[in-house]
Peer 1: 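Structure in structure tokens, see below.
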2 protein chains.
Amino acid sequence: MPQTPPATIKDVARVAGCGIATASRVLNKSGPASTKMRERVERAASDLGFCFNAAGRALQSRRSMTIGCLVPSLANPVFAEAVQGVQAELLGSGYQILISCSNYDDAADNTSISTLLENNVDGIIATMVAPDRSTALLQAKQRGIPVSLMFHDPLDGLVTAYVDNFVAACEVARRFAALGHRRVGFLALRFSTSDRSRNRYAGFHAQCRASGLADPTLIEISEVEARHPEQLAAILARYRDITALFASNDFLAIAVQKAARDLEWKVPQDLSIIGFDGIEVGRLLEAPLTTIETSPEAMGRQAAQSLLHALQGLGLVQLPPLPFSFREGGTLAPPNPKRTDDDRVAAQPSSVHPAQDQN
Amino acid sequence: MPQTPPATIKDVARVAGCGIATASRVLNKSGPASTKMRERVERAASDLGFCFNAAGRALQSRRSMTIGCLVPSLANPVFAEAVQGVQAELLGSGYQILISCSNYDDAADNTSISTLLENNVDGIIATMVAPDRSTALLQAKQRGIPVSLMFHDPLDGLVTAYVDNFVAACEVARRFAALGHRRVGFLALRFSTSDRSRNRYAGFHAQCRASGLADPTLIEISEVEARHPEQLAAILARYRDITALFASNDFLAIAVQKAARDLEWKVPQDLSIIGFDGIEVGRLLEAPLTTIETSPEAMGRQAAQSLLHALQGLGLVQLPPLPFSFREGGTLAPPNPKRTDDDRVAAQPSSVHPAQDQN
DNA sequence: TTGTACGCGTTATCAG
DNA sequence: CTGATAACGCGTACAA
């Protein structure tokens, strides 16, 4: 291991036979320099394999050229794609991404932001469990560090890149209603950890009322249950009365589709399913998933754009929500009158499973 | 915006009425201090909301406590999960992750590493298009910065966290052979940009020979074709002679399954399919995907462990390949003798589509 | 046990 | 046009 200590600007100046300031000016193209000097410095720099030291720069300029990015998890492709969008947008701006995952943990959420702050990030892009309860986020605001949220609906004075979950969920209820569904359900994962999910439920609920449907049955399941189709099937079996289900995300929609198959319920004849997010693989299923299509990558891009804008001294401005679209698929159809009539007789009170408050 | 400039250790010392060194020793628990001093300093620090400045620290200690992580893309869940593994393993170690994506671009690959180097990362974890051709990676080695690869098969003197792609691919060929398949294919995406894919082909090819099968037909497609089932179907239609297909990753396997459906080929009766990676959603398909199951997260974890180990002064050591397993599913069956007989007559020379060299 | 002073690599100021 | 020099925040010899 040769272990050459990296060359500093001082080394460059020495080799070029000039002062440090001159070397700095040339290398940064930030001031006047004679052609001769310029050449000598550039030559020296390339000979030494010189490379700026970010720490020194950060210390003196008080800017780290680093953006902190906090997401619940990268194992969820929705967030991974959002980060990819951030990365794409930041490319060429000179900013680097310092990444952090909270694993959907409230406390980790907050300490992660603190850690980013310690690392002198110039800005923060985040999706959190509870941005409104994060003291560290408050600290960031106080320090004048711009913060841009992703996925969250507008909140406090925080700027966010989002789709209007409430409105999108209304659309789902409207579709169900138009086809004649009367008893519908909402399937969500760990309801309390996501304001997106809550807002989707709220919109769905509101529009169900407006369309004259019964209040939607809330079915909340754990992560484990979501991953084990047989467990999910057992839960689903308790809700024979519903003819259509709105799943809070596409993975749940796919999982519940399998659970329904295991119960020998035909999708969409016996049960219609609409998902949320619009992941790519949904298109490739035997019955392509009907879903609300969004673009996580676009959220990341917009959040990054807003931040870049703010970093240039112009303020942080809340942009309008990003568009979503209803993607036709093979999991939505009118209710099967035969099945609903048969089952309606045996139907039990609507909210059974995790009898939990909906807020 | 109050815009309070962050408190420095100097401020803490002033408020606590002591010297900077004392404050530093207390805050770092790195030296002696009287109980009284300790209290005063800690009190002052918390009052001021003091928080270390990473740049100052990095400059003086010549360590940034930052790990650079380069992957082709976060839009591919395999890499996203790997990064998640890295993150999980690094949690609590004090190291932060600086992330970068190359978008499968050879040049971006190299400049990304350079950028990480400029940012003084203490170590690098990467999956690249061509690690062996990266001058920046060489530079890192020269500087004594430990590098740990992910997914790549062992290479040069580079440590890597991987599964043995060759051996895993042999397993696939063996399964096909055992069921009586004779003409098989290998489906890959942009073959040349991934040594993993190449090694899988090599292992598959070798074992096909060893098992007395015909040399596998190489079917290489573009990303666009992979995303459009109808295009993929058109390509697949040219290969009626093969009865089994090894897809280089699960997404391709799922896509080709849809393409086969569109052609009204039954899976697995008319065409057996085995994938690679073992993504979760494969289990939820109507015909659960038969595949080689790997754990990208484990690769990330192992790469991070190796790096942490090296960062503690112990050397970088190459660990044995990570395990994979054959996951049973519903897309593998013996060949349908009827169909193969019918079609074999019309079969054309085996490699038609992107007649490209296999290296 | 405590405090002073220096240097890490950089940029900016200001005098030549 | 050029070159000393003073910060930036921190850790740490070294001196008290």
Side-chain angles (χ1 to χ4, degrees), chain A residues 4-42 44-45 48-66 94 96 117-122 143-145, chain B residues 4-42 44-45 48-66 94 96 117-122 143:
Chain A
T4 319
T8 76
I9 201 171
K10 208 179 277 182
D11 297 322
V12 174
R14 186 171 35 73
V15 171
C18 69
I20 304 175
T22 306
S24 175
R25 275 186 297 255
V26 171
L27 264 14
N28 288 301
K29 310 184 201 316
S30 67
S34 65
T35 321
K36 227 178 60 187
M37 241 353 345
R38 199 175 299 278
E39 275 169 10
R40 270 170 39 205
V41 171
E42 268 157 5
L48 273 68
F50 169 78
C51 165
F52 281 108
N53 177 320
R57 260 185 164 170
L59 191 55
Q60 124 70 35
S61 68
R62 342 221 346 85
R63 303 177 60 211
S64 65
M65 294 308 281
T66 280
Q96 301 303 309
L117 253 27
E118 282 186 42
N119 278 80
N120 291 335
V121 294
D122 294 333
R143 281 216 211 157
I145 294 176
Chain B
T4 319
T8 75
I9 202 171
K10 205 180 279 182
D11 298 321
V12 174
R14 187 172 35 71
V15 171
C18 68
I20 304 174
T22 306
S24 174
R25 276 186 294 254
V26 170
L27 264 14
N28 288 301
K29 311 186 201 315
S30 67
S34 65
T35 321
K36 227 178 63 185
M37 249 336 3
R38 200 174 298 279
E39 276 169 10
R40 270 164 49 198
V41 171
E42 268 157 6
L48 274 69
F50 168 77
C51 165
F52 281 106
N53 178 319
R57 259 186 165 167
L59 193 53
Q60 119 67 36
S61 69
R62 340 208 7 79
R63 305 179 54 211
S64 65
M65 293 309 282
T66 280
Q96 301 303 308
L117 253 27
E118 282 186 43
N119 279 81
N120 291 334
V121 295
D122 295 334
R143 280 213 210 160

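Every chain is numbered from 1, with letters handed out A, B, ... down the list of sequences.
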Peer 1: Please name all residues satisfying side-chain contact (heavy atoms from CB on, under 4.5 Å) with B/Ser61, sequence neighbours left out, ordered by chain then number.
Peer 2: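 side-chain contact (heavy atoms from CB on, under 4.5 Å) list for B/Ser61, sorted by chain: B/Arg63.
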Peer 1: Tell me the interatomic distance from B/Arg62, atom CZ, to C/dG9, atom C1', rounded to whole angstroms.
Peer 2: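 In whole Å, C/dG9 C1' and B/Arg62 CZ are 9 Å from each other.
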Peer 1: Taking for each residue the nucleotide of DNA chain C with the nearest heavy atom, is it B/Leu59 or B/Met37 whose nucleotide lies nearer the 5' end?
Peer 2: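 Whichever sits nearer the 5' end wins; that is B/Met37.
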Peer 1: Give the minimum heavy-atom separation between A/Lys10 and A/Ile20, together with the two atoms involved.
Peer 2: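 Nearest pair, atom of A/Lys10 first, then A/Ile20: CG-CD1, 4.0 Å.
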Peer 1: What residues, two or more places apart in sequence or in another chain, satisfy side chain to side chain donor-acceptor pair (under 3.5 Å) together with A/Arg40?
Peer 2: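 Not a single residue meets the side chain to side chain donor-acceptor pair (under 3.5 Å) criterion with A/Arg40.
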Peer 1: Minimum heavy-atom separation for A/Ala23 and A/Cys18, please, with both atom names.
Peer 2: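 So the two residues come closest at N-SG, 4.1 Å.
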Peer 1: Just jot down the side chain to side chain donor-acceptor pair (under 3.5 Å) partners of A/Arg57, sequence neighbours excluded, or say none.
Peer 2: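 If we apply the side chain to side chain donor-acceptor pair (under 3.5 Å) test to A/Arg57, skipping adjacent residues, the hits are A/Asn28.
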Peer 1: Taking five pairs at each end, how big is the angle between the two axes of the helix from C/dT1-D/dA16 to C/dG16-D/dC1, to 10°?
Peer 2: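 Angle reported: 50°, given to the nearest ten degrees.
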Peer 1: Less than 4.5 Å apart, any side-chain heavy atom of B/Ile9 and any of B/Leu27?
Peer 2: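 Yes, at least one pair of side-chain atoms sits under 4.5 Å.
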Peer 1: What's the shortest heavy-atom distance between B/Ser30 and B/Ser24, and which atoms?
Peer 2: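 Looks like OG-O, 4.3 Å.
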Peer 1: At a cut-off of 3.5 Å, list every protein nitrogen or oxygen paired with a nitrogen or oxygen from nucleotides 10-12 of chain C, distance to 0.1 Å.
Peer 2:
unit_1 : atom_1 : unit_2  : atom_2 : d
C/dT10 : OP1    : A/Asn53 : N      : 2.8
C/dT10 : OP2    : A/Ile9  : N      : 2.6
C/dT11 : OP1    : A/Asn28 : OD1    : 3.2
C/dT11 : OP1    : A/Asn28 : ND2    : 3.1
C/dT11 : OP1    : A/Arg57 : NE     : 2.8
C/dT11 : OP1    : A/Arg57 : NH2    : 3.2
C/dT11 : OP2    : A/Ser24 : OG     : 3.1
C/dT11 : OP2    : A/Asn28 : ND2    : 3.0
C/dT11 : O4'    : A/Gln60 : NE2    : 3.2
C/dT11 : O3'    : A/Gln60 : NE2    : 3.2
C/dT11 : O2     : A/Gln60 : OE1    : 3.2

Peer 1: Kindly give the heavy-atom pair with the smallest separation between A/Ser64 and A/Ala58, and that separation in Å.
Peer 2: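 The answer is CA-CB, 4.0 Å.
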Peer 1: Donor-acceptor pairs are to be reported for all side-chain atoms of residues 48-56 of chain A against protein atoms at under 3.5 Å, with residues two or more places apart or in another chain.
Peer 2:
unit_1  : atom_1 : unit_2   : atom_2 : d
A/Asn53 : OD1    : A/Ala55  : N      : 2.7
A/Asn53 : OD1    : A/Gly56  : N      : 3.1
A/Asn53 : OD1    : B/Asn120 : ND2    : 2.7

Peer 1: Along DNA chain D, 5' to 3', what are the outermost nucleotides having an atom less than 4.0 Å from a heavy atom of chain A?
Peer 2: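 Range of nucleotides within reach of chain A: D/dC1 to D/dG9.
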Peer 1: Where do N or O atoms of nucleotides 14-16 of chain C meet protein N or O atoms at under 3.5 Å, pair by pair?
Peer 2:
none

Peer 1: Checking all strands, does A/Ala58 fall into the base, sugar-phosphate, or nothing category for heavy-atom contacts under 4.0 angstrom?
Peer 2: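 Contact class for A/Ala58: none.
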Peer 1: Does B/Arg62 have any side-chain contact (heavy atoms from CB on, under 4.5 Å) partners at least two apart in sequence or in another chain, and if so, which?
Peer 2: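 Listed in chain order: nothing, the list is empty.
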Peer 1: For B/Ala21, which residues count as a side-chain contact (heavy atoms from CB on, under 4.5 Å) partner, sequence neighbours excluded?
Peer 2: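 With neighbours one apart ignored, the set is B/Arg25.
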Peer 1: Please name the pair of heavy atoms, one in A/Pro6 and one in B/Arg143, separated by the smallest distance, quoted to 0.1 Å.
Peer 2: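 Minimum heavy-atom contact is CG-CD, 3.9 Å.
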Peer 1: Residues in salt bridge (Lys or Arg N to Asp or Glu O under 4.0 Å) with B/Asp11, at least two apart?
Peer 2: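 Once residues adjacent in sequence are excluded, the partners of B/Asp11 under the salt bridge (Lys or Arg N to Asp or Glu O under 4.0 Å) criterion are B/Arg14.
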Peer 1: Could you tell me whether the phosphate oxygens of C/dT1, OP1 or OP2, come under 4.0 Å of any side-chain nitrogen or oxygen in B/Ser34?
Peer 2: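 Looking at the OP1 and OP2 atoms of C/dT1, neither is under 4.0 Å from any side-chain N or O of B/Ser34.
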